[in-house]
Amino acid sequence: MRRGHKDEGGSWMDTYGDMVTLLLCFFVLLYAISAVDQTKWANLVKSLNPAAIETIEEEIKDGAEKETVQEVVVPDDFEELYESLKSEVERNQMLEEITVKKGTGFTFISFKNNLCFDGNSYILRDEVKTVLDDFCSILGKYESEIGQIQVLGHTAEVTPGENNILNDRFLSSNRAASVLVYMQEKDIFAPEKLVSIGYGQYRPIADNTTPDGRASNRRVELLITKKDAVVRSLEDYYKEVY
């Protein structure tokens with residue numbers, strides 16, 4: 001070493017040490033913000049740039065609203081019930097004999113009479129028993145969401161002006177009761193949720209002067225209402241269905 005000349009051989013280590021320290025801080029910072037909390041990030045931006053905080057807060061608000069909407073949009077049980085029943089009818093190719101429709105807070109099923117009973121009889125046919133077995137299995141999955149199942153029996157006026165009150169009333173009531181009893185025996189539904197009503201010939205849905213019209217009027221219907229749904233008159237339900 002020459003006299004008067006300082007040894008500078010180790011100065012590069014100071015620079016290298018500073019660089020390593022900065023890199024370490026940089027990677028720590030990257031790790032810290034890899035799962036950044038939006039509120040903490042907003043507070044940091046606010047401390048550095050107060051003018052930008054309104055934009056940050058608006059973005060956080062929009063994101064929260066989108067998440068809220070996504071949480072609210074959930075499958076409706078009654079929509080699933082309707083789709084399941086409709087699919088079952090289509091699978092069995094019974095669209096001509098059974099109609100499944102939906103309305104506000106209810107699902108409505110209509111069976112043509114020749115599927116359910118022979119003429120002037122209230123004994124269930126084997127064909128409809130098979131259908132009811134499948135329907136009860138589906139409805140049982142939503143039993144807790146069902147408020148009531150009404151079984152509605154209907155006949156048709158065969159001869160206009162003929163007094164047939166006794167036969168119509170008994171026949172329609174007995175047919176509705178036969179369907180209800182068969183469903184209740186499945187022990188799926190709370191008995192108090194099952195109601196049967198016989199309307200006789202007094203709720204026609206078609207022209208009763210034609211054979212096709214009378215065939216449409218002879219029917220059994222299931223009115224399945226949602227729990228806590230507003231109770232309405234049969235005419236109100238019919239306005240949505242027919």
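Both backbone and side-chain heavy atoms feed into the values below; hydrogens, waters and symmetry mates do not.
Under the 3.5 Å distance criterion, with hydrogens and angles disregarded, a donor-acceptor pair is assigned to the side chains of Asp133 and Tyr182. A donor atom on one side chain and an acceptor atom on the other are not found under 3.5 Å apart for Arg218 and Asn114. Thr210 and Asp212 share no donor-acceptor pair across their side chains, judged by distance under 3.5 Å alone. Side chains of His154 and Glu221: a donor-acceptor N/O pair is present below 3.5 angstrom, by distance only.
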Q) Stepwise, does the side chain to side chain contact (heavy atoms under 4.5 Å, CB included) test hold for Thr99 with Val89? A) CA-CA 8 Å; Thr99 303; Val89 172; over 6 Å; no
Q: Show the numbers, then the answer: is there a side chain to side chain contact (heavy atoms under 4.5 Å, CB included) between Phe117 and Leu171?
A: CA-CA 11 Å; Phe117 307 99; Leu171 187 59; over 6 Å; no
**Q.** Stepwise side chain to side chain contact (heavy atoms under 4.5 Å, CB included) check, Ser173 with Tyr199
**A.** CA-CA 7 Å; Ser173 296; Tyr199 284 102; over 6 Å; no
Q: Apply side chain to side chain contact (heavy atoms under 4.5 Å, CB included) to Ile224 and Leu139, showing your working.
A: CA-CA 9 Å; Ile224 307 159; Leu139 293 172; 3.7 Å; yes
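The side-chain heavy atoms of Leu222 and Val151, taken from C-beta on, include a pair separated by under 4.5 Å. The shortest side-chain heavy-atom distance between Ser233 and Tyr238 does not fall under the 4.5 Å cut-off. The side-chain heavy atoms of Arg232 and Glu240, taken from C-beta on, include a pair separated by under 4.5 Å. In this structure, the side chains of Leu223 and Val195 stay at 4.5 Å or more apart for every pair of heavy atoms.
Between Leu115 and Glu127, the shortest heavy-atom distance links the atoms CD1-CB, 3.9 Å. Contact between Tyr122 and Ser178 at its shortest, heavy atoms only, is O-OG, 2.8 Å. The nearest pair of heavy atoms linking Gly140 to Ile188 is CA-CG2, 3.3 Å. Across Gly200 and Arg169, no two heavy atoms sit closer than the pair N-NH1, 4.3 Å. Heavy-atom minimum distance, Arg91 versus Asp134: NH2-OD2, 4.2 Å.
Between Phe108 and Tyr237, the distance from one ring center to the other does not fall under 6.0 angstrom.
Lys102 has a carboxylate O that lies under 4.0 Å from a charged side-chain N of Glu79, or vice versa, which qualifies the two as a salt bridge.
Between Phe111 and Phe135, the two ring planes are tilted [angle within 30° to 60°].
When atom types are taken as modelled, the side chain of Lys193 and the backbone of Glu143 share a donor-acceptor pair closer than 3.5 angstrom.
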